[in-house]
Each structure stands twice: as structure tokens, then as C-alpha cells.
> 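Can you read through this structure? Questions will come right after.
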Amino acid sequence: MDELTKMLRMWFGHDSFRPGQREVAEDVLAGRDVLAVLPTGSGKSLCYQLPAYLLQGSVLIVSPLVSLMEDQVEQLRRRGEKRVIAFHSLLDAEEKWQALASLEAFRFIYASPEMLQSAKFLAALRRVRFSLFVVDEAHCISQWGYDFRPDFLKLGEIRRSLGAPPCLALTATAPPEVQDDIIRTLGMDGARRHIYSVDRPNIALQVEHCSSTEDKAARLADYARRLEGPGIVYFSSRQWAEEMARRLEQCGAGRVAYYHAGMDGEQRLLVQQQFLYGQLDIVCCTSAFGMGVNKENVRFVLHFHMPAQLEAYVQEIGRAGRDGAPSLAVLFYADGDRAIAQAVAEAELLSPHELREWCWRLSEGSGWETAMAALEAAGLTDIQKRLLAYFLEREQRVMPGRLTAETKERLYGKMATAIEARRRWKRKKLQEMDEWVHLSSCRRQALVRAFGEELTDRRDVCCDRCGLSLDGYERAARRPEAAPVRHWREELWDMFFGGGADE
Amino acid sequence: MRQRYASFLLAHCLRRFNGERTLAAVYHLFSGKKSAQTLQDSKWFQLESFFGTWKDVTMAVLEGAARTLVEQRLAAPGGNRTYRLTGEGRRWLAEQETFFPRHLNGWRYHEAEPLFWQRLSLIGQTLSNLVYGRRFVPICRDERTLQWVKQYLLAKGSRQTLAELFYKELVQLLEAVSEEAAAIFTLRLTSAVRIGWTMEQIAAHLQKDALYVQFQFRNVLHYMMAEAEAGRAPMMAELMSGLAPAVLTQSAQKTYEWLQKGKTVGEIAELRRLRRSTIEDHIVEIAANVPGFSIAPFVDDEKAASIRAAARALKTRRLKEIREALDGKASYFEIRLVLAKEVGRWTN
């Protein structure tokens, strides 16, 4: 057994690597810059966690989502790793500053992009010797990625200020133009690219064309009743997720719960854990659900509303079949769905009218910082704010000095152009998604082509266009009833002493 | 379903407010707004137990509940967006007695409650999994709680003994509440064999209003905390460590300390770079909460007596009415102080 496999067994308890893991880890260990595009569920985090045990110095991991970060930290801790810490906005201030004093003691340092804006935090980071700089969900760097985070654009600069340690950029979905963006922004020109296919051969693809929303709801209920679970159903709104969760439960689809960002943290965690532990058959959710949910045996992912881009669709269906067993993805489509997807996608973009209003209200003679402050006061959504802040910062560099009527007019012009470009790009993406839905040829072929790949061999089970029978995905027997709830005394007794019986 | 318990809660508040406050005051009470007005309101109208006990309440829900009450002729709108219960409404409310969360003490526990529950539920999950010999993902993500529970368990030694003590104390506490409340509380717990249920899941299972379930659950938690503080639940008392609520808000406490050092209102305002009215709010808070605090330095005895007399004669706690009855001779601050002291006498 070679050294790497030995370490894999020792630290992670696995006997073999999944595709891509070894190749990426070896390049990282050789000190190269690496861009790795590995499909969802392929164990991306191992690509830096394993090398971390062989490299001298700490590893900095930048991650966009607090929940994702916490999942990673938790997993590492469960493996017995104590030298791990995460810095994000939800951390207690006192705790943060305490840890800063002894930062070099940690092997894994996770940080949110917001934290990296803090001069104090950066100063503390500069005292640490980093052997690796990891950017997780690296597609967020690209303006043309489906989940653009302007904060990520500064990562190249931050990396340089930390002495330019070798860089590993990880993502599950990045078409070629996004890959180029990542490499340019992070300043990793000579990077090795490890690109693995977005295709997940064990997930069969199907689109159901429905005549109306009501027809969609009825067919969804029918699928949910018949299919072997567990499964996830995606909706574009919280109200629909809640409503359909109730309907599915009533129609006998098993144990169903809903999940969205409007619920409090504890209730969300309960639903997620119930799903992981098999107490639920179906979760009806918005796109807030999924990242960090490492459930191997998800048998189906259904979409009640189509996502606005193929990238998002691929991410979401990728939560099915991580165990490699046959799984199913069905998208339900009715007329009008395209308009819904467009409205959701463009909610982040101000209309020219709104933008003009906002620009006019900026007080002349003041500096750019007032424009930034005006962003906070304007009652915008977080995502609108992020985008405008990014455009503002860009213009500030070109037009330094104080705001005048003229600069305001120019600012409006530039921002309007940028927003328009983004709107056009989003429409193009939606168009691509829409075409895929209405495709008459192989869906898998079209999907991989959108990511710049070609299918090398035909699958036995592919998509509705190639011919797909749902027999194999249907539930063999009645779903077992939920365990009956007993008197609270028995429940409580079982909680503390039930385990003793079988020991 | 949800509307029903919201209506009950609102009816209770309307009865106490008796047409003297708007729905906004009810909203601030439930959401636990820390303004001088809300803090005093909850004392004057004896609604402290509900303070901060429904943090995600919205005006829309309250307005909906008010509409329902009016439609059923249980309440009638008054001027200025106020409502009063009708005679039928008061009878109806009296019949709902059993739905009243008797142990609820939002005033004292609304801040400590989330951390107390996190500790309790995480210790429960941890002990259960240790007994079953299973690995698990903590049901809580709050770093403070994770650390606290870890330290606590490390200091405790035998897990088996601890599990037994924990179990016994929970049973003892749950026997004292209703069967339904005990069931709700137990279903919320996470063990090695079952992840805890959400409020909505429990509500669906019991076929009850989710809001009702939430208040029943909170009722049990507050009961446990009260028993802990009374020295009758030693394990729960340990979970309360560092969470016992302060009598005064932090800022009022500072003002109180300066007062004790002999500073005047003006001096304290200057020292603390706060508005005079803020310091006066603090003094009213102190008067309402610190038994034996004398208001004599701020309002002379004769004036205090006339304010009290006016409040009794008018049967109101409306500042404006009292002030008018006294021909504007007393300031709002003076009236509030006297009323705050009065409340102190009723409740202590």
C-alpha cells in the first residue's frame, strides 16, 4: 500500500479513493495550483483534507456558506481532529478574537469571504504559514457562475497578501468560461485542471410536460406516492414547498416535511437530521436545502419549478444517488414556468427606473463611501446589495474623487449597462434551460454539452428521450408506517435505557 | 387552527389592556421589545408572563386574530385602533382557562430560555447516544452550547449515573405538568433512536394549533427553570448556571449604581452621555423592579399621593388622563414613577 492510501485509511477510514481524489491530492502535495471540477457527491473536501496531514503548515479554506463550513468542521471533529476552527459572522466576537492570538496552532482554518474583509483578521492570518489556500465552491468567483458572490473576487488579492501559497479551487459545476474566470481571478495561471464529467450515469433524467399548475401538482403527488424514497422535491417558493408538503403527506406519500430559509435554525436542523436518519421520506424545499446534506441513498430529486440555469439543475439533481445506485430526476413543466423562473432569477436586478432613482438620491459633493452607505439604507435585498456594491467598487476605481452630477450620470450609465448585461446573460441561461426542457433528443448528451463535454458511451438507462421505464424506480411494497408514538414515559425511558437491552 | 390560539392570546391581552393600548402594544409585548414603554406596560397591565414569548409574531397575525374576535362578537373595536372584549368575550375567555400557560414567565425567562433548551436538548441527545454507544451529529450548532455541554459532561464522570439522574428529574418535572404538555416536551427531545420533532409535526400529530403547541412547550421550559431556581430541580439548576436573569437591564443597572453613589439624574446623563429621558426611563424601571427603592428624591410625597388618588379615582393608567386631572401639575416622569411603585405593591 502506498503512503497516500495508508493516510487515507488512517485518517478517513476508507480503503480506496473515489475518482479524481488521488489525482488532485497528488498535485496539491506537489505544490501545484489546481482547479478541480468534481461532480457533487464525489468527496471534494478530501482533496485538501488528506494533503493537510502531509503538508507543513496550515490550510486556509474559504467557503461561501456558513452551514457548509459548519458541516465540514463537524465532520473533521468527529474524526478526532481538534486543530480546526471556522471564522464566520455567526461566531461570538470574543471567541473569535481569542482564537486569533493562537491561529498558527490550527491545521484547518475555515473563513467566510466576509471575514476576509476584516483588516484585523487578515493581519492575524499573515502571521500564519499557509501551505495551501483552498477556495470551495469556486464558481462563486465568476460573474458568469450561477451563484456569483462579489466578495470572492478579492480572493486573488488576499492570496497574494498571504505570500501566495499554492491554491486549490474546487467546484462541482463550471463550464469552460467559468473555469477561465476562476483561474484568472485567483492568479493561478499555470494551474493543473482536473475536470471530471458532470454526468452522473446512475441518475436517469425525465421531464414531465403538464397542462397546468394543478395538473403538475396532481402528477407530482402521483410520482411521490409511487416512487421509492427517500427523495427531495424542489420548489421556487416557500409557500409552494409548505403547501405541497401538506398535500403529499395527505395523499399518502409517506412522511413529508418542508424546509426553507424562512424557518428558524433549530427547526431546519431537525428536518435535515430527520431526513438523514430516515425519519422522513420526502423533503419539500427551496434551493436552501441540500448543500452539506450528505445523504447517500437519496433515490429521487423532483423539480416542481424549473431552475433558471442548467448549472443549478445539475447541482440539485446531483444530490440523488451518491451511493451509485439507480436514481431518478424528474422535472415537471407547465406553461408559465419559464416566466416564474425568470422572475426569481431577475429579482436580484434593479430595474433601470429603480436604479436611476437610487443614483439621483446620492448627495453630490460627498465621497464614494456615502454611496456605499446609501446601499444599506435603500431597503434592497441582500443579493441586490451585493451586486450593486460590486458595481460601485468597480466604478470607484475608474472615477475616484467626489460625486458630482456628472459622475452620478456616468455611474448610472455604467451600472445600468452592467445590470443589462447581467439580465441578458441570465435570459440566455434561462433560454438554455428552457431548450433543454423542450428537447427532442437525448437529454444527457445535451446536458454534458452545455458544460463543454461529449458523452463517450451510451448508457443503458438514460433519459425519457432515449426511452425510460419507471418500473425500476417504483416502490415495491407499502411504505412502512412511522413508528407509533408511545406514552411519554416510555419514550423517555427508551431514550436513556432502551440501548441497554441489546447489549 | 393557528388562528384559534392566536385569538385566545390576543383576547387575554385585550382584557388586561382594557382598551387603553393598541394592537401595536400587544405586538411589542409578545416580541419582547425592550422599550421603556413596553417594559412598563407589561408590568402595569400584569402581562409580564407573556413578555417576549412569541418572538416571530407579526402585526398581520394579530390583526387577523382581532378580526376573528370581532366577527365572533367577542371583541369590539374602540377608537385609535384599540379593541375591548365584549361581555360575551369575557365569558368565552373565562371558559378557555385550561389553555392558559400557567407557568409561563416570559418576563424572567425569555432571554435564558433558548440557551437553557439548547443545553438540555444537547445533553439529552449526548447521554442517550452514549448509553446506546452510537456516534451522532449534535442537534445544536451554537458553539457556546457545544463547549458548555462538553465541559459539563467531562466534569461529571459516570455517564450512566448522570443519565439516571437526568431521567428521574425529567420524569419528576413532567409529572407536574399536564399529560399533553409532557408529551409535547418529550417529542421535542432528540435521542439515539429518534430525532426530535418540529412544532408543526407535533401539532399535526396531536391535531392541535402549532402556536398552542409552542406555548405548551414554553410553559414546560419555564416551569423547569422556575423549579431550578426554587432549588427543587438540582440538575436543571446546573443547566441554568450563568443564565439566571438579571432583575434590571444592563443599562438601568449602571444608572442604579450611579444613583447609589449619590449622583443626580442630570449628572448621570452627562457622565453616561445619554439623554435625560433615558436616565428617567431607567429610574422608572428601577422603581418597578427593586423593592425598597425610594422614589421620594424624584417626586415629593404630597404630589405622589395626589397622583395615586387620581389614578384610583379615574380607574386608569393612562398618563395623559391622569396628568389632565391634575391640571398638568405632575410631569409624565413623576406619574410613571408613582405608577411603577404601585405595580410593585400589587405584584410583590
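Throughout, a chain's letter reflects where its sequence line sits, starting with A, and its residues are numbered from 1.
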> Taking NZ in K55(B) as the centre, count heavy atoms belonging to other residues, nucleotides or ligands within less than 6.0 Å. Is the count above 12?
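Count over threshold, so yes.
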> Checking E74(A) against chain B: side chain, backbone, both or neither under 4.5 Å from a heavy atom?
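Side chain only.
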> Which one of N129(B), I184(B), I139(B) has the most heavy-atom pairs closer than 4.5 Å to chain A?
I139(B)
> Considering non-hydrogen atoms only, spot the tightest contact between F496(A) and L170(B) and give its length.
CE1-CD1, 4.2 Å
> Run L189(B) and W488(A) through side chain to side chain contact (heavy atoms under 4.5 Å, CB included) and show every step you take.
CA-CA 11 Å; L189(B) 288 169; W488(A) 64 266; over 6 Å; no
> Taking the side chain as every heavy atom from C-beta outward, state whether V131(B) and F497(A) have any pair of such atoms under 4.5 Å apart.
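Side-chain contact under 4.5 Å: no.
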> With a 4.5 angstrom heavy-atom cut-off, could you sort out which part of Q274(A) is near chain B: side chain, backbone, both or neither?
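Both backbone and side chain.
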> Any chance you could measure D494(A), atom CG, to Y132(B), atom OH, to the nearest 0.5 Å?
4.0 Å
> Is R188(B) in contact with chain A via its backbone, its side chain, both, or neither, using a 4.5 Å heavy-atom distance?
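For R188(B), the contact with chain A is made by the side chain alone.
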> Go through the atoms of Y258(A) and report whether side chain, backbone, both or neither lie under 4.5 Å from a heavy atom of chain B.
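For Y258(A), side-chain heavy atoms alone lie under 4.5 Å from chain B.
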> Where does R486(A) contact chain B at under 4.5 Å (heavy atoms): side chain, backbone, both or neither?
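Neither part.
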> If you take all heavy atoms of M495(A) and S191(B), which pair is closest and at what distance?
CG-CB, 3.5 Å
> With a 4.5 Å cut-off on heavy-atom pairs, point out which of L146(B), L127(B), L174(B), D142(B) contacts chain A the most.
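Winner by heavy-atom pair count: L174(B).
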> Using side-chain heavy atoms (C-beta onward) and a distance below 4.5 Å, is R489(A) in contact with E175(B)?
yes
> Heavy-atom pairs under 4.5 Å with chain A: which of Q125(B), Q201(B), R135(B) has the most?
Q201(B)
> Quick test of your reading: applying salt bridge (charged side-chain N to carboxylate O under 4.0 Å, His left out), list the pairs with at least one residue in residues 101-118 of chain A, sequence neighbours left out, ordered by first then second residue.
E81(A)-R107(A)
> Roughly how far apart are T198(B) OG1 and R268(A) CZ, rounded to 0.5 Å?
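Separation between the atoms: 13.5 Å.
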> How long is the span from the OG1 atom in T190(B) to the CD atom in E266(A), to the nearest 0.5 Å?
8.0 Å
> Using a 4.5 angstrom heavy-atom cutoff, name the option from P114(B), A183(B), C140(B), A182(B) with the most pairs to chain A.
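Result: the option with the highest number of such pairs is A182(B).
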> Answer yes or no: are there more than 12 heavy-atom neighbours, outside Q250(B) itself, under 6.0 Å from its atom CD?
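Not more than 12 within 6.0 Å, no.
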> Rounded to the nearest 0.5 Å, what's the gap from CE on M199(B) to CG on D264(A)? Could you check?
8.5 Å
> Are V137(B) and L276(A) side-chain neighbours, meaning at least one heavy-atom pair lies under 4.5 Å?
no
> Given that the side chain runs from C-beta out, which part of W117(B) has a heavy atom under 4.5 Å from chain A: side chain, backbone, both or neither?
side chain
> As an exercise, state the distance from CG of L270(A) to CD1 of I195(B), rounded to the nearest 0.5 Å.
7.5 Å
> Check the surroundings of atom CZ in R102(B): do more than 12 heavy atoms from other residues, nucleotides or ligands lie under 6.0 Å from it?
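Open.
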> Among the options M263(A), E491(A), Q273(A), H487(A), pick out the one with the most heavy-atom pairs lying under 4.5 Å from chain B.
Q273(A)
> Got a donor-acceptor contact below 3.5 angstrom from the Q279(A) side chain to the R194(B) backbone?
no
